[in-house]
Structure formats: C-alpha cells, structure tokens
Amino acid sequence: MSNDVLLNLDQNNQTAVVTLNRPDKRNAISLKLIEQLDQIIDQLHRDEQTKLVIITGSSPAFCAGGDLNDFHGDIGQEEAHHLLKKMQQVLWKITTLPIPTIAWMNGLARGGGMELASACDFRFVNEMSNYGFTQGQLAISTGWGGGTLLYERIHPQEAYYWLVTADVRSAEQLKEIGFAQGIFSSEQLELNHPLIEPYTNRSYEQLKHWKDQWLKAQDLQRLKKRMDEEVEACSHMWVGQEHKDAVANFFKRNEK
Ligand SMILES: CC[C@H](C(=O)O)C(=O)SCCNC(=O)CCNC(=O)[C@H](O)C(C)(C)COP(=O)(O)OP(=O)(O)OC[C@H]1O[C@@H](n2cnc3c(N)ncnc32)[C@H](O)[C@@H]1OP(=O)(O)O
C-alpha cells in the first residue's frame with residue numbers, strides 16, 4: 001500500500017513530523033489518505049513521549065484539499081455526509097491532541113487543506129506560496145469542520161469575510177489577520193528552524209500543560225456541535241448542480 005502519509009518520530013526533539021505525501025496530486029486528501037492520517041493521529045494520542053506534532057506536505061504543495069475524485073458531485077446527500085464526516089473526525093482528533101500542533105505550510109493550500117491547517121494550534125506559511133478557503137468557488141462551504149475552527153483562530157468577522165470571499169491570499173496577508181504566526185522562506189522543514197525552536201526547547205511537561213490550558217479555555221462541546229452542523233450543511237450543498245458543474249470544470253481545466 002502506498003504511504004500517502006509519512007510519520008517521522010524524531011527522538012532527540014520528541015517531535016512527530018506528519019507529511020502528506022501525494023505531491024503529484026498536490027497532496028489532495030483522498031479517502032485512503034484520510035484512513036492513514038487517522039491511524040497516525042490515533043497513535044499520537046497514545047504516545048506519551050512526543051511533545052510536538054508538525055503537519056506538513058511533500059512539496060510543491062502543502063495540501064490541495066479534498067481529492068475531488070473521491071469527494072465529487074455525483075453522490076447523494078447521505079453519502080456526502082458520511083464521507084465528509086470521516087475527515088471531520090480526524091480534524092477533531094488533531095484539534096484535541098494533548099500536545100501542541102503546528103501546520104508547516106510549505107506550499108499552497110486550498111479548501112480542506114486550509115481546514116487541516118485550522119485544526120492545528122499554530123500555522124507557519126511559506127512566503128512564496130498562497131492560501132485560500134476556496135470552497136465557496138466550488139458552490140459549497142467548508143465541510144470538515146475547518147470553517148468552524150477558523151472562527152476560533154482569527155477574528156470572527158475576518159473568518160466570516162474569508163469564507164464568503166473564498167479568495168486566495170499571500171503569506172503576508174495570513175500573518176496580518178493572525179491566521180499564521182510566522183513566515184518562512186525555506187520550503188523544507190528543519191527542526192532547528194528559529195520558528196520551531198521555541199517548541200523543541202521546551203519540555204514535554206511544559207508543552208502538555210500549555211495545551212491542556214488552551215483546550216480548557218474553549219467550550220469544546222459547543223465547538224464539536226458547530227463542526228457537526230458544518231458537515232451537515234456542506235453535505236446538502238454537495239448534491240447541488242452548481243457543485244457538480246464546478247468539479248467537472250476543474251477536471252476539464254486540468255485535462256492535458
Ligand atoms: C471535500 C471538501 C473539501 C472541503 O472543503 O471540505 C475540499 O477541500 S473541496 C476541494 C478544494 N480544493 C480545490 O478546489 C483545489 C483544486 N486544485 C487546484 O486548484 C490546483 O490543482 C492547485 C491550485 C491546488 C494546484 O495547481 P497546480 O497548477 O500547481 O497543479 P495542477 O492543477 O496541474 O494539479 C496537479 C495535479 O494534482 C491534481 N489535483 C490538484 N488538486 C486536486 C484535488 N483537490 N483533487 C484531486 N486532484 C487534484 C490535478 O488534477 C493534477 O493531476 P493530473 O493527474 O496531473 O492532472
């Protein structure tokens with residue numbers, strides 16, 4: 001079975017690097033990738049040595065969102081809900097990992113790729129890349145709970161505006177609105193990077209404690225309910241003709 005997700009456990013830094021590994025498909029999230037990512041996140045929930053989790057992508061992209069071959073228009077609402085729910089559950093597990101999580105956004109991200117980043121506690125972006133919650137351009141809304149999480153990461157008014165405009169933005173713009181905590185220039189991730197060192201320089205106890213405080217500062221029950229409502233809403237938009245046309249146009253655009 002191809003490894004669509006790679007896990008590297010760096011013992012020295014007690015850091016887990018999770019890499020989406022479908023570069024030829026811009027790390028689009030297929031059902032198979034979801035399964036592999038789910039198993040890795042479950043493993044990290046059980047791991048009491050790892051103090052930091054970093055999610056990144058095999059260049060040139062970070063993540064192009066849901067794989068439109070798997071998440072395509074001609075399925076019914078219940079099936080759409082069932083498929084969307086799978087990744088929502090993974091995003092929930094990432095959100096509630098008991099140690100800090102970082103999205104190292106090495107390359108472009110679209111749609112669900114931004115939702116994946118929103119499930120992480122911190123986000124660092126590549127100055128050369130661009131990023132967008134582009135679901136609105138596909139006649140749907142976010143469908144994995146990442147739109148709900150966005151409201152927790154930046155000012156709610158800014159989150160609302162971005163979801164409606166569905167536009168693609170620069171690294172600078174993401175830093176400006178507080179979605180990204182920092183900007184880097186090198187594509188590949190180094191654990192001794194100045195943006196990563198503040199985490200690897202801290203102990204497991206410190207990082208676990210701060211994450212516990214962070215989770216307790218939120219109404220997790222209400223957050224999960226809102227994420228569930230998001231999946232339901234998207235599953236209804238999914239079956240609309242506009243969405244089907246938008247997906248068909250994407251693949252037409254990409255026909256060589
Ligand atoms: C499931 C819902 C979920 C949610 O919001 O909850 C979603 O994420 S919906 C999907 C949202 N994502 C997109 O709409 C992005 C679509 N892709 C693009 O706009 C571009 O591919 C881009 C900007 C990511 C990269 O452009 P670039 O020019 O660098 O590459 P290509 O377009 O030539 O693509 C290379 C290769 O990758 C395949 N690809 C890219 N994105 C997807 C995708 N989302 N699903 C499936 N496949 C994707 C593309 O078809 C090309 O494959 P090839 O076989 O070489 O033609």
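Order of appearance sets the numbers: ligands from 1, and atoms from 1 within every ligand. Below, all heavy atoms of this structure are taken into account, side chains as well, without hydrogens, waters or symmetry copies.
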Mark up the atoms of ligand 1 that fall under 4.0 Å of a heavy atom belonging to [X], in ascending order.
{"X": "F71", "result": "1 (C)"}
{"X": "L138", "result": "9 (S), 10 (C), 11 (C), 14 (O)"}
{"X": "Q135", "result": "4 (C), 5 (O)"}
{"X": "G65", "result": "8 (O)"}
{"X": "G111", "result": "8 (O)"}

Ligand 1 to G113 polar contact by distance, N or O atoms, under 3.5 Å
no
Measure from [atom] to every heavy atom in [options] and give the option owning the shortest one.
{"atom": "atom 6 (O) of ligand 1", "options": "E115, K25, R26", "result": "E115"}
{"atom": "atom 2 (C) of ligand 1", "options": "F250, W238, F62", "result": "W238"}
{"atom": "atom 10 (C) of ligand 1", "options": "G146, G66, A109", "result": "G66"}
{"atom": "atom 46 (C) of ligand 1", "options": "I29, D67, I140", "result": "D67"}
{"atom": "atom 21 (O) of ligand 1", "options": "E230, R22, R253, R110", "result": "R253"}

Expected output: side-chain Q36 to main-chain S2 donor-acceptor under 3.5 Å
yes
So, does Q14 use its side chain to make a donor-acceptor pair with the main chain of Q49 at under 3.5 Å?
yes
Grouping ILVMFWY residues whenever side-chain heavy atoms fall under 4.5 Å, the cluster of W210 otherwise contains L207
Side-chain heavy atoms under 4.5 Å apart, restricted to Ile/Leu/Val/Met/Phe/Trp/Tyr: what other residues fall into the cluster of V168, or is it alone?
none
Using the ring of Y131 (Phe, Tyr or Trp, six-membered ring only), decide whether R110 places NZ or CZ under 6.0 Å from its centre and within 45 degrees of its axis.
no
For the pair F184 and H193, name the ring-plane relationship: parallel under 30°, tilted 30 to 60°, perpendicular over 60°.
perpendicular
Record the part of A28 in heavy-atom contact with ligand 1 below 4.0 Å; permitted values are side chain, backbone, both and neither.
side chain
Over 12 non-hydrogen atoms of neighbours within 6.0 angstrom of NZ in K93
yes
Taking atom CE of M237 as the centre, does the number of heavy atoms from other residues, nucleotides or ligands within less than 6.0 Å exceed 12?
yes
